[in-house]
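Every number for a ligand or one of its atoms is a count from 1 in the order of the listing.
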Amino acid sequence: MTARLIDGKAVAASVHDRVHSAVASRLARGLRAPALATILVGHDPASEVYVRNKRLACEKVGIRSVPVHFEETLTQAELMATIDRLNADDSVDGILVQMPLPPQIDPVAVTERIRPDKDVDGFHPYNIGRLAQRHPVLRPCTPYGVIELLKSVGEPFKKRTAVVVGASNHVGRPMMLELMLAGATATCCHRFTADVAFEVSRADILVVAVGKPGMVKGEWIKPGATVIDVGINRLDSGKLCGDCDFDSVRQRAAFITPVPGGVGPMTVAMLMQNTLEAAILRESES
Ligand code: GUN
């Protein structure tokens with residue numbers, strides 16, 4: 001078997017189209033465009049690329065981009081004051097602080113400072129809690145995008161075994177909540193899991209998000225599984241690769257996401273959707 005590729009760029013483009021149409025219809029009704037503030041601290045090359053892609057996506061779908069850039073020496077108090085100002089600004093619907101942050105800044109305090117109804121990353125404990133309690137409001141973008149990719153290939157979720165490799169706050173844990181919400185029976189593997197290969201071999205749906213190039217081997221895969229590779233690793237050669245050994249995993253899976261061009265574009269697309277949803281949410285509250 002050679003797995004079919006799940007085209008993240010195409011699925012992301014359809015989300016962008018949906019958001020673009022919704023924004024256009026808002027403008028036609030005399031409402032303003034949604035606005036997204038993206039805060040970048042320092043000059044980490046990967047973060048600069050991610051933030052640039054987010055700002056470009058805003059332009060494409062008609063969302064107003066509010067770029068904020070600070071030097072690496074920024075203090076926690078200065079960042080908190082900026083978040084407070086954006087929290088209070090009625091013309092801003094979404095606030096995103098790009099991670100990682102320099103060591104003098106506490107990322108937990110930053111995440112909790114953003115108003116939950118402007119938290120378009122979906123990282124605030126309120127939004128994670130709503131997802132855990134099956135009443136999601138703003139959902140973490142990457143896991144939300146993975147669910148969209150799975151739906152795009154007709155994944156039924158119910159009565160299916162899902163395995164998530166990686167238990168990070170931003171991907172693995174909310175991914176578990178999303179998969180359970182969708183009806184799958186989900187297991188999470190992490191650094192203390194006794195036998196990751198065994199857990200993976202049971203998966204009808206496999207989501208890998210660990211940041212280790214080629215960690216998941218083809219022989220671990222249940223024949224016919226759907227494999228979502230969230231990892232984006234840059235090799236010494238400069239080539240990007242995922243957390244799965246792509247060629248061998250592809251021989252056993254039915255569907256697989258490529259890296260690049262799989263999950264990456266979906267994270268940005270779901271951010272656009274969350275920003276639109278945040279604008280609608282605040283209007284309904286006021
Ligand atoms: N750093 C890497 N991915 C993300 C993301 O999705 N959101 C934020 N805020 N920072 C990130």
Side-chain angles (χ1 to χ4, degrees), residues 8 12 15 36-58 63 65-70 72 74 76 79-80 82-83 86-87 92-103 105-128 131 136 138-149 164 166-175 177-178 207-212 228-234 240 242-243 257 259-260 262-275 277-278:
V15 175
L36 171 63
T38 48
I39 303 177
L40 176 62
V41 183
H43 297 275
D44 174 65
S47 292
E48 284 186 335
V49 171
Y50 291 139
V51 168
R52 187 169 65 236
N53 287 341
K54 290 168 186 180
R55 292 172 182 166
L56 285 173
C58 284
I63 287 175
S65 176
V66 182
V68 182
H69 195 174
F70 290 110
E72 195 84 29
L74 180 75
Q76 168 123 355
L79 180 53
M80 292 305 206
T82 300
I83 294 172
L86 294 166
N87 276 342
V92 170
D93 300 290
I95 303 168
L96 176 145
V97 180
Q98 186 67 20
M99 305 286 177
L101 289 165
I105 297 177
D106 172 7
V108 175
V110 167
T111 299
E112 294 186 1
R113 192 75 162 221
I114 296 170
R115 273 173 61 149
D117 58 2
K118 294 191 179 190
D119 166 41
V120 284
D121 261 326
F123 294 162
H124 191 285
Y126 174 82
N127 285 314
I128 296 291
L131 178 59
L138 294 171
R139 304 156 78 150
C141 300
T142 300
Y144 193 9
V146 169
I147 294 292
E148 290 288 310
L149 288 178
V164 177
S168 67
N169 286 343
H170 293 166
V171 184
R173 286 163 197 266
M175 191 71 248
L177 298 173
E178 285 284 358
V207 181
V208 191
V210 283
K212 290 189 191 160
I228 308 288
D229 192 342
V230 182
I232 302 182
N233 309 291
R234 194 171 286 281
L240 288 179
D243 293 341
T257 54
V259 179
V263 175
M266 289 306 292
T267 299
V268 179
M270 302 325 286
L271 176 66
M272 299 300 106
Q273 178 159 319
N274 275 352
T275 305
E277 283 175 14

Exercise. Could you give the distance from CD (E112) to NE2 (H124), rounded to the nearest 0.5 Å?
Worked result: 6.0 Å

Exercise. Where do I114 and D119 come nearest, in terms of heavy atoms and distance?
Worked result: CG2-CA, 3.9 Å

Exercise. What is the minimum heavy-atom distance between G231 and D243, and which atoms define it?
Worked result: CA-OD2, 3.4 Å

Problem set entry | Residue contacts for ligand 1, heavy atom to ligand atom, distance under 4.0 Å | K54, L96, V97, Q98, M99, D121, F123

Exercise. Given side chains that start at C-beta, do those of N274 and D121 come closer than 4.5 Å, heavy atoms only?
Worked result: no

Problem set entry | Interatomic distance, M175 atom CE to L131 atom CG [nearest 0.5 angstrom] | 9.5 Å

Exercise. Got a sec, which residues hit ring-ring contact (aromatic ring centres under 6.0 Å, His included) with F123, two or more places apart in sequence or on another chain?
Worked result: H170

